[in-house]
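What follows is a single structure, written as structure tokens, with notes after it.
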Amino acid sequence: MHRWLLKSEPGDYAIDDLARDKRDWWTGIRNYQARNFMIHDMHVGDGALFYHSNCAAPGVYGVAKVCAQAATDDTQFAPDSKYYDSKSSPDNPRWRCVQIAFVRKLKKPFLLADMRHIPELEKMLILRRGNRLSITPVSDDEWRLITGDKK
DNA sequence: GCCAACGTTGGC
DNA sequence: GCCAACGTTGGC
């Protein structure tokens with residue numbers, strides 16, 4: 001069982017959207033490293049920290065979990081989608097994504113500005129300068145510290 | 001809005 | 001395969 005941090009711009013898709021929808025395919029990932037995490041390493045039951053990026057107060061706002069293994073990301077074939085990929089073909093889809101389910105919102109967000117001051121979190125990839133990877137692994141200790149979960 | 005850091009593209 | 005140019009990300 002692994003744990004992850006998923007970035008999303010709240011203007012695009014926020015934790016409240018997931019709370020409303022209950023579950024959603026994590027479409028639109030167009031980076032091979034993040035895609036490979038979804039295809040090879042993310043499994044049903046894995047936990048996910050839901051992180052808001054590119055916004056006034058970036059940080060972890062909620063908890064989700066993987067509820068379905070990676071499947072074809074249909075947005076790659078939708079010409080109207082901002083995630084359309086003209087070089088991908090239905091015979092050989094380039095992009096796949098997992099489905100995630102809403103678990104809960106944090107009582108108060110764990111902000112990036114606060115994460116930076118906690119020594120136990122200093123190894124988190126999200127804190128590395130220049131980091132742009134939208135899916136990153138999270139250790140069990142980091143998970144407990146951020147979510148307050150006992151295990 | 002600024003700008004550093006990064007990933008991708010494409011000419012060679 | 002190299003690498004400059006370009007577009008994007010994302011904190012500030």
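As a basis for the values below, the full set of heavy atoms in this structure was taken, side chains included, without hydrogen atoms, waters or symmetry mates. Below, chain A is the first sequence line, B the second, and so on; all start at residue 1.
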What is the separation between atom CZ on A:Arg128 and atom C1' on C:dG10, rounded to the nearest whole Å? 17 Å
I want to check one thing: is the phosphate of C:dT8, taken as OP1 and OP2, less than 4.0 Å away from some side-chain N or O of A:Lys82? no
Protein and nucleotides 3-5 of chain B: nitrogen or oxygen contacts under 3.5 angstrom:
from: B:dA4; atom 1: O3'; to: A:Arg129; atom 2: NH2; distance (Å): 3.1
from: B:dA5; atom 1: OP1; to: A:Arg129; atom 2: NE; distance (Å): 3.2
from: B:dA5; atom 1: OP1; to: A:Arg129; atom 2: NH2; distance (Å): 2.3
from: B:dA5; atom 1: N3; to: A:Arg132; atom 2: NH1; distance (Å): 3.4

What dot-bracket string describes DNA chain C from 5' to 3', counting Watson-Crick and G-U wobble pairs whose defining distances are under 3.5 Å, with [ ] for crossing pairs and | for pairs to another strand? ||||||||||||
Hey, could you give me each pair passing salt bridge (charged side-chain N to carboxylate O under 4.0 Å, His left out) that has a residue in residues 84-102 of chain A? Not counting sequence neighbours. A:Asp85-A:Arg94
Separation of A:Leu133 atom CG from C:dT9 atom C1', in whole Å? 12 Å
What donor-acceptor contacts under 3.5 angstrom involve side-chain atoms of residues 117-130 of chain A, with partners at least two apart or in another chain?
from: A:His117; atom 1: ND1; to: A:Ala113; atom 2: O; distance (Å): 3.1

Looking at residues 5-17 of chain A, who's got a heavy atom less than 4.0 Å off DNA chain C? A:Lys7
Rounded to the nearest Å, what distance is computed from the CG atom of residue A:Leu127 to the P atom of nucleotide C:dG10? 14 Å
Which residues share a ring pair (Phe, Tyr, Trp, His ring centres under 6.0 Å) with A:Phe37, sequence neighbours left out: A:Trp4
For atom CE of A:Met115 and atom P of C:dG11, their distance in whole Å: 11 Å
Taking salt bridge (charged side-chain N to carboxylate O under 4.0 Å, His left out) as the cut-off, I'd like each qualifying pair that reaches into residues 28-39 of chain A, sequence neighbours left out, listed once. A:Arg30-A:Asp73
Using whole Å, what does the distance between atom P of nucleotide B:dT9 and atom CG of A:Asn31 come to? 11 Å
If I take atom CG in residue A:Asp85 and atom P in nucleotide B:dT8, what distance separates them, rounded to the nearest angstrom? 12 Å
Once side chain to side chain donor-acceptor pair (under 3.5 Å) is applied, do any residues pair with A:Arg23, and if so which ones, sequence neighbours excluded? none
Heavy-atom nearest nucleotide on DNA chain B taken for A:Asn54 and for A:Arg30; more 5' hit belongs to A:Asn54
Which residues satisfy the ring pair (Phe, Tyr, Trp, His ring centres under 6.0 Å) test with A:Tyr51, sequence neighbours excluded? none
Can you tell me if the side-chain N/O atoms of A:Tyr51 get under 4.0 Å from OP1 or OP2 in C:dG11? yes
In chain order, what residues pass the ring pair (Phe, Tyr, Trp, His ring centres under 6.0 Å) check against A:Tyr83, with sequence neighbours excluded? none
Is any side-chain heavy atom of A:Val103 less than 4.5 Å from a side-chain heavy atom of A:Phe50? no
Which residue pairs pass the salt bridge (charged side-chain N to carboxylate O under 4.0 Å, His left out) test with at least one member in residues 8-17 of chain A, sequence neighbours excluded? A:Asp12-A:Lys82, A:Asp16-A:Lys105, A:Asp17-A:Arg20
State, yes or no, whether a side-chain contact exists between A:Ile135 and A:Met42 at a heavy-atom distance under 4.5 Å. yes
Could you list the residues that satisfy side chain to side chain donor-acceptor pair (under 3.5 Å) with A:Asp140, not counting sequence neighbours? A:Arg3
When the distance from CD1 of A:Ile126 to C1' of C:dC12 is rounded to whole Å, what number comes out? 15 Å
